[in-house]
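These notes concern the structure reproduced below.
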Amino acid sequence: MKVLSRWLLASVAVLAAGSASANDSILKNQANPNNWASQLGNYAGQRYSPLDQITTNNVKNLQVAWSFSTGVLRGHEGGPIVVGDVMYIHTPFPNKVFALDLNNPGRVIWKYESVQDPTVIPVMCCDTVNRGVAVADGKVFLAQADNTLVALDAKTGKELWKAKNGDHTKGETLTAAPLVVKDKVFVGISGGEFGVRGHLTAYDTNSGKMVWRAFSTGPDTDVKIDPSKTMMMGKPIGQKDLGVSTWPGEEWKRGGGTTWGWYTYDPDLNLIYYGTGNPGTWNPVQRAVDKDRNKSDNKWSMTIFARDPDTGEAKWVYQKTPFDEWDFDGVNENILADIPINGQQRKVLVNFDRNGFAYTLDRATGELLVAKKFDPTVNWATEVDMTTGRPKVVDKYSTFANGEDKNTTAVCPAALGTKDQQPASFSPDTGLFYVPTNHICMDYEPFSVSYTAGQAYVGSTVSMYPTPNSHGGMGNFIAWDAAQGKIVWSRPERFAVWSGALSTKGGVAYYGTLEGYLVAVDMKDGKELWRFKTPSGIIGNINTYTHNGKQYVAVLSGVGGWAGIGLAAGLTQESGAQAWHNAVHPGHAEGTGVATAGLGAVGAHQSLGEYTQLGGVLTVFHVPDQK
Amino acid sequence: MLTKRRFGLWTGILAVGFGTVVGFTALAEDAPVTPDGTPAYIVKDGQVDKGTYNGYRRFHATCHTCHGFDASGSSFAPNLTDSLKRLSYDDFKDVVVNGRQNQGATGDRVMPSFGLDPNIMEHLDDIYRYLKARADGALPGGRPQRLGG
């Protein structure tokens, strides 16, 4: 452990003070920056490393140390875990897991491959992605597409236990990475486009037995809310069973609020944090009580929950988009950081929501401190009312106000959100957040839809295109000041930045692009320092670790996900984005190029398919020793 | 009659130019069919009959997540603007209702059964109209306009 920053020491101190062992093995692994112990780097979800061998000066010498094919096509989200001499990687369906020997790079110590019913595949709305494994207590936890949570022996890959978390014939699947806290492993549920009723569930890490389950909709007892205690905007909720009364009829039973994003944890406060997704059908008219938006919050969809991991009890809630009308699926990660706000050091939680607002909240109480647009072109709401916490919706962009069978146009952001699942990073060195974003708008036409278990429950068409009158690209990589609610710098990108970011003490931040580039930038000003084209588009998350005292950077390539399927194939000519047509399946490009005012040669590109093809590959980089 | 025969020959396309020839009733514009009863479509000055428009919407609420926007396919599932050149109306119905499982080059490819999904089954003819218009090259990608607004 050559490098031990003040941040790390501070974290260790906080964690140690944090009572009854968060999870001793994870805390120990996280405290050692030679590991990359969890998907988001640490419990706080910061995706920051105190390693500083690779710096702004020498990153230009970064090159491939070794690589490894996963043998699986489709979208590779999530990333490698490194503990000691072993790297654990995972794949999309059929959810293989490999333990790789870092002493003999790329050699497989063990491989796990489940047998899953292939009828799971078509109920995965947005590709057969999986966001990775968790490693704790000598076990590897994997949440399989077919709703099986499995614990493997980290040394041998042998199955220790399995638990069934859902039913794919009802449209339920698993894509999220599990989180381990103390003796519990938490898993969510996917299927927001299938009328699934979302929940978060805790299983015993030793036996696989379910300990508690908290639903996202329904009566308070199901949601584990106590309206006299659970806080919302600084005071107890008060009203009972809002998870029922803010829905028409029994619509809450197919009310979505799925939980497929990332989960974070504060050992000191003993709270886990996660977001719930879009409410049921995308047609808001069918979710309105008495045709009145004011009665129709559709709680607790689109909500940040802070829960006690031991009991599941909700300590506080904050609903970002009451009565969603745009599929601003509120599952994005909640990053925990301690930053000064108005001169006072605060324990905050920062959430870059799909809806285009970045929220800074007090993570102990849920008090809303800052809510600002992290893309200035966001137009569906003018601002967030800081007293009520509600967005001020612009009628012109309200798909509910415009009504069924009416095409609401030029809504920014698109349903993909200003940011989707791709996790951001926080650097305690700079106090800034480094955020991979989308820069895409949409037309949205809701219409009446019927519910059938296991079938899509959408009720809307969406056309997406690059944000008009902007730089012509579909993404940005930004640095964000969460205290001020301001963009510090912004780098335009040709495609949506769908890869999880990494920041480092070496002053270098990393992200991947859909074309497949791993990009290193100066955290100070966003200036590009280095890039390398990996074999396929990157929607995975970058990590860094050391082996034998040397720093490495690793990432999974493998284009896909919603970005790679729907988006890439789907942008229509309405704003000159026909170029994106057929993006992941070339040969049918009929476009004329993205309308562009910037980004250099972007206008010349025809489709993502001209840049990259499917293929899961791990690439590991290093700076070679000086000769 | 002449027009009708042509209509049949063109597998139900009533593309720009033909539209003005025939005095279609409002009903026909809602749900045109070929003489043998196969669902057909009308594309006139970039506008489509209501059935085809409905097919566009229903397709883009369910099918597009695998078959891509504009039915142009993805790495996940075939390009239907190709498939519908080969599949007959009966073949099409059979695959949608019963599903299909193939080993594709990109791993398992699975078409689920939509036989119990009213969002599909009640609009099967309209989805066919839309896909056939796409496959015949009568309709470009993107959101079509409804005839008569």
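All values derive from a computational prediction rather than experimental measurement. So that the names make sense, note that chain A is the first sequence line, chain B the second, and so on, each numbered from 1.
A:T452 contributes atom OG1, which lies 11.0 Å from atom CZ of B:F114 (distance to the nearest 0.5 angstrom). Residue B:H64 holds its NE2 atom at 9.5 Å from OG of A:S463, rounded to the nearest 0.5 Å. Considering CZ of A:F447 and CG of B:N119, their distance stands at 7.5 Å, rounded to 0.5 Å.
The neighbour count for B:K85 NZ, taken as heavy atoms of other residues, nucleotides or ligands under 6.0 Å away, is above 12. Annotation: A:K170, atom NZ; neighbour count of heavy atoms from other residues, nucleotides and ligands within 6.0 Å does not exceed 12. For A:E113, the CD atom is densely surrounded, since the number of other residues' heavy atoms within 6.0 Å is greater than 12.
Residue A:T461 touches chain B through both its backbone and its side chain, counting heavy-atom pairs closer than 4.5 Å. With a 4.5 angstrom heavy-atom cutoff, A:S460 touches chain B only via backbone atoms. Neither the backbone nor the side chain of B:F59 has a heavy atom closer than 4.5 Å to any heavy atom of chain A.
With B:V110 as the partner, the side-chain contact (heavy atoms from CB on, under 4.5 Å) test is satisfied by one option alone out of A:I121, A:V120, A:V123: A:I121.
The closest donor-acceptor contact from the side chain of B:D117 to the backbone of A:Q455 lies at 3.5 Å or more, if one exists at all.
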Requested in this report: Begin with the C-alpha distance, continue with both residues' side-chain angles, and end with the deciding distance and a verdict on side-chain contact (heavy atoms from CB on, under 4.5 Å) for A:M124 and B:T65.
Outcome: CA-CA 9 Å; A:M124 304 192 78; B:T65 54; over 6 Å; no
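Looking at heavy atoms from C-beta onward, A:E445 lies in side-chain contact with B:R143 at the 4.5 angstrom threshold.
The two residues A:G459 and B:A61 make their nearest non-hydrogen contact at N-CB, 4.2 Å.
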